[in-house]
Protein chains: 2
Amino acid sequence: MKKDIQTINKEIAYIQDTLYVINGKWKLPILIAIYNGVYRFREIQRYVGAITPKVLSNYLKDLEENKLVIRKVFDSSPVLVEYHITEYAKTLEPMMREMVSWGANHRIKISQESKTIN
Amino acid sequence: MKKDIQTINKEIAYIQDTLYVINGKWKLPILIAIYNGVYRFREIQRYVGAITPKVLSNYLKDLEENKLVIRKVFDSSPVLVEYHITEYAKTLEPMMREMVSWGANHRIKISQESKTIN
DNA sequence: CGGGATCCACTTCGATACTG
DNA sequence: CAGTATCGAAGTGGATCCCG
């Protein structure tokens with residue numbers, strides 16, 4: 001029972017749109033960090049892992065342009081910058097939840113397989 | 001109300017695992033096609049879009065290695081090959097559903113924004 | 001602290017042509 | 001039909017150093 005061509009084509013086009021928005025190695029990890037209240041540049045960097053400042057900076061700009069995060073600058077000294085999730089980024093939550101939970105199960109599956117091999 | 005560090009770190013690690021499995025421009029589009037009963041090489045190619053045989057071939061190999069699709073060869077002439085979804089790949093369905101539906105909504109949002117601008 | 005500048009290695013993807 | 005071979009462009013991310 002194959003769906004009709006148009007339906008399949010639309011599903012493919014939609015998921016490609018989504019992939020385009022969340023593309024890149026670090027975009028979702030960064031979003032998850034900010035989502036969970038990690039607001040500062042260095043702090044995000046520490047949470048996300050082996051990301052260099054340049055790359056993190058590029059991702060944050062991209063996320064800001066796509067209106068998924070907001071950059072707030074406080075004129076203190078030293079300068080303080082915070083990144084926050086937008087309302088629109090919150091619509092990504094169900095998808096991110098599924099991805100986190102699939103990843104958790106996948107890790108279990110992989111570890112079981114390696115046990116079987118040994 | 002920031003979650004504790006370990007929880008956030010785990011979520012990030014899990015989503016990175018997931019991203020690693022579904023990485024690449026064409027993997028999910030290919031999976032969706034096969035998922036919907038598009039089994040043949042050329043047919044998949046047509047559905048997915050502007051993908052060349054080489055790239056499609058590489059992706060299918062990758063998907064096979066990761067046990068997300070199974071390759072069945074029929075000794076007819078000409079040779080017939082079919083790709084099918086594995087049971088494990090079906091566990092990706094909730095995630096893919098969310099991604100398709102988010103993409104659909106995103107497209108609506110984008111089109112509304114461009115209307116506002118003009 | 002929050003980045004920018006530069007350079008480079010690597011992967012990915014696409015175009016084109018060809019094969020069993 | 002179901003791929004493989006070859007080449008090259010382009011993007012992506014990492015290393016390192018620097019700046020206000």
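Order of the sequence lines sets the chain letters (A, B, ...), proteins ahead of strands, with each chain counted from 1.
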> Consider the side chain of F41(A), meaning its heavy atoms from C-beta on, and name the nucleotide among dC1(D), dG3(C), dG14(D) that approaches it most closely.
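Of the candidates, dG3(C) comes closest.
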> Check the phosphate of dT4(D) against K61(B), side-chain N and O only, distance under 4.0 Å to OP1 or OP2. Yes or no?
yes
> Can you tell me if the side-chain N/O atoms of R46(B) get under 4.0 Å from OP1 or OP2 in dA2(D)?
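Checking dA2(D) against R46(B), no side-chain N or O comes under 4.0 Å of OP1 or OP2.
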> Does a side-chain N or O of Y39(B) approach OP1 or OP2 of dC1(D) to a distance below 4.0 Å, or not?
no
> Is S57(B) near enough to dT4(D) that one of its side-chain N or O atoms lies under 4.0 angstrom from OP1 or OP2?
yes
> With a 3.5 Å cut-off and no angle check, do the side chains of N58(B) and D62(B) form a donor-acceptor pair?
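The answer is no; no qualifying pair exists.
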> How long is the line joining CD of Q45(A) and C1' of dC1(C), in whole Å?
11 Å
> Between Y59(A) (OH) and dG3(C) (C1'), how many Å, whole number?
17 Å
> I want to check one thing: is the phosphate of dG14(C), taken as OP1 and OP2, less than 4.0 Å away from some side-chain N or O of K25(B)?
yes
> Rounding to an integer number of Å, can you tell me how far K54(A) NZ sits from dC18(D) C1'?
14 Å
> Under 4.5 Å between side-chain heavy atoms, chaining through other members, with only Ile, Leu, Val, Met, Phe, Trp and Tyr counted: pull out the rest of the cluster around L80(B), sorted by chain and number.
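Members other than L80(B) - counting any ILVMFWY side chain reachable under 4.5 Å - are F74(B).
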> Is it the case that the ring center of W102(A) lies less than 6.0 angstrom away from the ring center of Y20(B)?
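They do not qualify: ring centres at least 6.0 Å apart.
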> What is the distance, to the nearest angstrom, from the CG atom on N58(A) to the C1' atom on dG3(C)?
11 Å
> Looking at K61(A) and E64(A), does any basic side-chain N land under 4.0 Å from a carboxylate oxygen?
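The answer is no: the pair does not qualify as a salt bridge.
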> Taking NZ from K27(A) and P from dG11(D), how many angstroms apart are they, rounded to a whole number?
15 Å
> Whole angstrom is fine here: how far is it from CG in L63(B) over to C1' in dG3(D)?
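Taking atom C1' of dG3(D) as the reference, CG of L63(B) is at 16 Å.
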> Of all the nucleotides listed (dG13(D), dG3(D), dG14(C)), which has the minimum atom distance to the side chain of W26(A)?
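The listed nucleotide nearest to W26(A)'s side chain is dG13(D).
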> Using only side-chain N and O atoms of R40(B), determine if any of them is under 4.0 Å from OP1 or OP2 of dA2(D).
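Yes.
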> Through direct or indirect side-chain contacts below 4.5 angstrom among Ile, Leu, Val, Met, Phe, Trp and Tyr, which residues connect to I70(B)?
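Grouped by the 4.5 Å side-chain rule, I70(B) forms a cluster of one, so the answer is none.
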> Roughly how many Å is it from CG in L80(B) to P in dG20(C), rounded to a whole number?
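These atoms are roughly 21 Å apart.
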> Could you tell me how far apart L60(B) (CG) and dT4(D) (P) are, to the nearest whole angstrom?
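L60(B) atom CG is separated from dT4(D) atom P by 10 Å.
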